[in-house]
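Notes follow the structure.
So that the names make sense, note that chain A is the first sequence line, chain B the second, and so on, each numbered from 1.
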Protein chains: 2
Amino acid sequence: MPYINLDAIDLKILSALQGDGRLTNNELADQVGLSPSPCLRRVRRLERDGFIRTYRAVLDRESVGLGLTVFVEIKVEKHSRDNARALQDALSGMPEVVACHMVSGTADFVAEIVVPNLKAYERMLTEKLLTLPMIGDIRSNFVLTRAKSDAPLPLSHLKRDVRAVGVAPDCE
Amino acid sequence: MPYINLDAIDLKILSALQGDGRLTNNELADQVGLSPSPCLRRVRRLERDGFIRTYRAVLDRESVGLGLTVFVEIKVEKHSRDNARALQDALSGMPEVVACHMVSGTADFVAEIVVPNLKAYERMLTEKLLTLPMIGDIRSNFVLTRAKSDAPLPLSHLKRDVRAVGVAPDCE
DNA sequence: AGTGAAAACCGTAGCGT
DNA sequence: ACGCTACGGTTTTCACT
């Protein structure tokens, strides 16, 4: 794993855009202590080099009628590499699966599934999940209350570079 | 739970903004078949009424040096309401915890924790998690491969309204 | 690398439909 | 409710430091 090529200003940019993805370039330049042109160049570089994957409106699940989130633990039937791969692809391809990870522990995969209600989850389970041949075992963990989700990533581990900047933390 | 007050155009707007949060209002208006003014009015309404929670740059975890994601299953020590509440607040307050849910099943909470590496997780665990008095049991599930994450929400369950629109699906 | 200016573009409000 | 027009601000490029 190569090391990271970000200075203190890049970090500020990432942090600011993570907090508000619709910041205008002018506002952003202001916050990071740069004039608009070099600021824009940096943003484009961060986009091109894959630091910024995309920009997204974060929707409220309940408001748009998605009242049920389920964490599904899945075990692969026969632990072949092909089965695991096929399962991962099948899960990732489903729009209801908003996240899917291969994990250590008792399960092989954890999928986060978002649906309108229990009825919809029942259909999802019986029609799309249980019909997958490579599935060995499924355990559904229903979300009772969502305390936190879609939170920004913690970027403080990069802060070692920030000491180089003599600007006040919040000059807005 | 009240019903949803979104027509086919609102749905298109949400869907488009979920796919690209930096769409200009002009581009958006174009895609949904509206002129800019009513389009902007709708977006503002969707923001005000809480359908759109925020806009965010989605960063690449590996690129910014966050190589390790862990799903932590946590049981509350004594199953009192206060303990559960205190634990939930403590977890939600940690920046490394990017998601935290109370769930049914064997665990009480599932927290998604993002850190640079194993060493950082060890410190997180010993210094911040295990020192919480209301924790009964912890099981750490390390993410081996991330197949999908930060995906857009599935909005197809609202598509019943879309039949009213006679525009081609993709006229860009 | 960063700065500053100029042109094209966009967001927004107001009025008319 | 949608659409048009117009003004002010923003994005973006380009030449210069």
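Listed nucleotides dG3(D), dT12(D), dG2(C) differ in distance to Leu40(A); the shortest reach to its side chain belongs to dT12(D). Taking every side-chain heavy atom of Arg41(A) into account, dA1(C) is the closest of dA1(C), dG3(D), dT12(D).
Listed pair Arg44(B) / dG11(C) fails the phosphate criterion, with no side-chain N or O lying under 4.0 Å from OP1 or OP2. Residue Thr24(A) places at least one side-chain N or O closer than 4.0 Å to OP1 or OP2 of dT11(D).
Salt bridge Glu62(A)/Arg146(A): present, at least one basic N to carboxylate O contact under 4.0 Å. Salt bridge absent: Arg56(A) and Asp20(B) never bring a charged side-chain N and a carboxylate O closer than 4.0 Å.
Taking for each of Arg22(A) and Cys39(A) the nucleotide of DNA chain C with the nearest heavy atom, the 5'-most of the two is the partner of Cys39(A).
Remark: P of dC10(C) and CD of Glu27(B) are 7 Å apart, rounded to the nearest angstrom. To the nearest angstrom, P of dG3(D) lies 10 Å from CZ of Arg42(B). When rounded to the nearest whole Å, the span between CG of Asn25(A) and C1' of dA8(C) equals 15 Å. The distance from atom CG of Asp30(A) to atom P of dT3(C) is 12 Å, rounded to the nearest whole Å. A straight line from OH of Tyr55(A) to P of dT11(D) spans 12 Å, rounded to a whole angstrom. One can place CG of Leu34(B) at 14 Å from P of dG11(C), the figure rounded to the nearest angstrom. The CG atom of Leu28(B) sits 12 Å away from the P atom of dT12(C) (whole-angstrom rounding). Across the protein-nucleic acid pair, Asn26(A) atom CG and dA5(C) atom P stand 14 Å apart, rounded to whole Å.
Contact between Arg53(B) and Asp60(A) at its shortest, heavy atoms only, is CD-OD1, 3.7 Å.
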Verdict with reasoning, His101(A) to Phe109(A), per ring-ring contact (aromatic ring centres under 6.0 Å, His included): CA-CA 6 Å; His101(A) 309 261; Phe109(A) 288 96; 9.8 Å; no
